[in-house]
There are 2 protein chains.
Amino acid sequence: MSRRRVTLADLAEAAGVSRTTASLVMTGRGRELRISHDVEQRVLRAAAELGYRPNAVSVGLRTGTSRTIGFVSDTVATSRLAGDMIKGALEAARERGVMLFIGETEGDPELERGLLHAMQDRQVDGLILAAMYTRTIKVPKDVGPAVLLNALPRQASDLPSIVPDEVEAGRSAARVLLEAGHHDGVHLIGAGPGLRNVPPQSVAAVERLMGIREVLGAAGVKIASGRVCADWLPEHGLAATEELLERHLPKALICLNDRLALGAYQALNDAGLSVPGDVSVVSFDDHPLASWMRPKLTSVALPHYELGRRAVEVLFAQMGDKAKPGEVHRVPMPVRHRESVGPPRP
Amino acid sequence: MSRRRVTLADLAEAAGVSRTTASLVMTGRGRELRISHDVEQRVLRAAAELGYRPNAVSVGLRTGTSRTIGFVSDTVATSRLAGDMIKGALEAARERGVMLFIGETEGDPELERGLLHAMQDRQVDGLILAAMYTRTIKVPKDVGPAVLLNALPRQASDLPSIVPDEVEAGRSAARVLLEAGHHDGVHLIGAGPGLRNVPPQSVAAVERLMGIREVLGAAGVKIASGRVCADWLPEHGLAATEELLERHLPKALICLNDRLALGAYQALNDAGLSVPGDVSVVSFDDHPLASWMRPKLTSVALPHYELGRRAVEVLFAQMGDKAKPGEVHRVPMPVRHRESVGPPRP
DNA sequence: CTGTTAGCGCCTTCAC
DNA sequence: GTGAAGGCGCTAACAG
């Protein structure tokens with residue numbers, strides 16, 4: 001038998017004051033309005049005893065705010081990686097006493113409209129528009145306060161974006177090899193060697209490639225070869241590496257993501273090559289997979305958790321006052337040094 | 001410049017009727033109250049033109065309902081598997097025009113209380129209490145309409161539960177081996193051979209084991225050995241299998257989950273044993289990993305998506321009228337037949 | 001068949 | 001310092 005909720009009127013009655021007074025005390029403005037300390041204590045005590053909690057719906061109707069934000073993504077909730085984005089957003093939201101609606105559009109514009117409406121009708125204070133893989137998205141109009149997460153606006157827009165710093169990640173991967181002493185025999189799996197040789201739609205591919213080429217180029221290291229893979233799955237990594245091994249004997253592989261690297265490991269293993277003894281491997285994403293592989297894979301991590309956090313931070317900054325409109329926030333991608341990189345074989 | 005929301009009053013004015021009439025028409029009860037077809041059309045047309053959508057917060061305050069449910073879990077949002085639970089819940093919710101709040105307790109009772117309050121204050125219509133791994137949980141009191149997802153109540157409770165049917169899954173795994181012709185040399189990795197030999201807290205372990213023992217026993221097949229692993233990670237599977245190989249030459253392995261199986265593969269490979277030529281492997285969970293492994297792993301799948309769906313279905317059934325209180329809904333775990341099981345080596 | 005009236009629970013000018 | 005009154009947007013009695 002759960003009793004009826006305690007209302008402000010109940011509280012006022014129990015404390016023997018008017019609803020106004022009770023409200024003032026509860027919203028913490030009793031002080032500035034010089035409510036007697038005595039009365040304040042009485043109200044506070046009654047509130048604690050009755051377990052009074054303001055009805056958020058009513059407050060929402062009255063104030064137009066709901067302490068709620070919406071997280072809508074194409075299909076983010078499903079992947080482990082992207083789950084971390086939600087987790088980051090969730091924690092940052094909780095720190096601010098804010099709740100999170102979530103929704104998936106599955107890429108269907110009709111669904112997206114419906115979701116946005118459902119959220120707006122519930123008076124969300126702001127929206128996070130998230131993408132599963134980093135990409136450009138069409139920004140719906142009239143969204144109110146919002147940020148783009150793991151996505152960039154297709155058309156000009158003054159919404160801020162939060163994206164992983166893929167170019168710097170590419171540089172990091174290249175540096176890992178350089179620092180291990182590699183100066184030749186470096187091959188790419190998944191894209192390259194040229195900036196045009198990338199799978200379609202993938203901003204990660206071109207940006208990683210830019211960073212790699214920049215650092216390697218500056219060190220005078222030539223990329224020995226690269227091969228594009230239409231999709232970045234283990235089987236493609238396997239095939240690409242097998243093909244590579246027919247022509248070359250690489251000293252180091254930069255795989256454009258961990259799933260490709262898994263396939264590459266397998267091809268290397270089949271060919272009797274050891275990692276990192278014969279060939280070093282460095283990769284991107286830091287998929288959970290990376291630490292299960294033998295030897296453990298050195299990978300430049302996608303900072304999903306941090307992306308989620310930043311999204312709500314930026315959202316609140318934007319709502320609070322002015323963050324520069326349209327600003328792009330790049331979140332660093334840390335290198336997870338593990339066991340797959342070693343000095344080049346002589 | 002987004003204009004002010006259009007309100008029911010605006011709509012009524014535009015259509016030249018009273019707010020009541022407008023409300024009646026919009027809530028679809030114009031028919032039964034015999035509002036003139038003419039007026040109805042006028043209101044509908046005005047609504048379409050103005051883009052009128054009722055303010056859900058206001059409706060919530062008035063009716064006490066919010067078309068919103070809360071999904072609170074220990075840490076579910078983070079795992080890929082559990083992400084699918086959310087996805088299932090999300091889709092089932094959307095089909096009913098309901099939104100989803102999500103929250104994570106991280107196992108902290110304080111946090112949990114806060115979350116539940118935050119949701120109740122927002123007048124959620126019901127709650128899904130979810131666990132990451134199937135286990136028993138302490139049911140908070142006064143939660144109102146709620147269901148337990150992937151969890152069972154620790155004390156007696158009349159909340160319904162939705163859990164994977166692990167016992168039947170165990171039977172399925174055993175049958176897979178039987179049907180391939182295995183009648184001896186069957187070893188367990190992760191638990192067993194006895195029902196007491198299980199990692200603590202794991203209901204999955206004991207139930208899977210029950211199913212396995214039942215079917216194998218009925219077929220007169222003896223479990224050759226089993227070893228408990230404190231945690232079900234690849235490294236434990238590796239160690240357990242290495243240890244096993246020191247003493248036996250197994251014909252088939254039942255790994256209690258896929259991550260253990262990954263480790264087992266590795267040990268088998270190191271020992272020069274081929275799968276499934278020398279030893280067959282069957283496992284549980286159908287982690288994404290399972291289809292990346294070579295050969296692809298046959299596994300009994302955790303039906304995360306379906307669990308999520310069922311949770312909201314049961315929740316609504318319960319709210320609608322009466323589902324039997326305390327009922328436990330067991331969701332089937334389908335076998336994913338792949339490449340790791342073959343006939344026993346002679 | 002339609003309009004008037006009265007709240008849902010809360011916050012916020014205003015007087016006292 | 002405190003109380004009375006009004007209204008956020010909507011629905012539901014009850015009249016007309």
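Basis for what follows: all heavy atoms, side chains included, without hydrogens, waters or symmetry-related copies. Note on naming: letters A, B, ... go to the chains in the order of the sequence lines (proteins, then strands), and numbering restarts at 1 for each one.
- To the nearest whole angstrom, the two P atoms, one in C:dT2 and one in D:dG9, are 25 Å apart.
- Between the side chains of A:Arg122 and A:Thr68, not a single donor N or O lies within less than 3.5 Å of an accepting N or O.
- Listed nucleotides C:dG3, D:dA4, C:dC11 differ in distance to A:Thr27; the shortest reach to its side chain belongs to C:dC11.
- Scanning atom types as modelled, no donor and acceptor separated by under 3.5 angstrom connect the side chain of B:Thr20 and the base of D:dT11.
- The side chain of A:Thr7 places an N or O atom within less than 4.0 Å of a non-bridging phosphate oxygen (OP1 or OP2) of C:dC10.
- Residue B:Val39 is the one, among A:Ala9 and B:Val39, whose nearest nucleotide of DNA chain C lies closer to the 5' end (criterion: closest heavy atom).
- For A:Asn150 (side chain) and A:Met132 (main-chain N/O), a donor-acceptor pair under 3.5 Å exists by modelled atom type.
- The residue A:Thr21 sits close only to the backbone: its heavy atoms come under 4.0 Å of sugar-phosphate atoms, none of a base.
- The shortest distance between the side-chain N/O atoms of B:Ser18 and the OP1/OP2 oxygens of C:dG3 is below 4.0 Å.
- Within the nucleic acid shown, B:Val57 has no heavy atom closer than 4.0 Å to any nucleic acid atom.
- Comparing B:Arg62 and A:Val6, the nucleotide of DNA chain C nearest to each residue sits closer to the 5' end for B:Arg62.
- Atom CZ in B:Arg122 sits roughly 18 Å away from atom P in C:dG9 (whole-Å rounding).
- With A:Tyr305 as reference, A:Glu91 is the one residue of A:Arg310, A:Lys87, A:Glu91 to meet the side-chain hydrogen bond (donor to acceptor under 3.5 Å, both in side chains) rule.
- As judged by a 4.0 angstrom heavy-atom cut-off over every strand, A:Leu8 is placed among residues touching the sugar-phosphate backbone only.
- Below the 3.5 angstrom threshold, one finds no donor paired with an acceptor across the side chain of B:Ser23 and the base of D:dA12.
- Across D:dG7 and C:dT5, the matching P atoms stand 14 Å from one another, rounded to whole Å.
- Put simply, the residue from B:Leu152, B:Asp158, B:Leu148 that forms a side chain to side chain contact (heavy atoms under 4.5 Å, CB included) with B:Val139 is B:Leu148.
- When the nucleotides D:dG9, C:dC1, C:dC10 are ranked by their closest atom to the side chain of B:Leu61, D:dG9 comes out on top.
- Using modelled atom types, no side-chain atom of A:Ser23 and backbone atom of A:Thr21 make a donor-acceptor pair closer than 3.5 Å.
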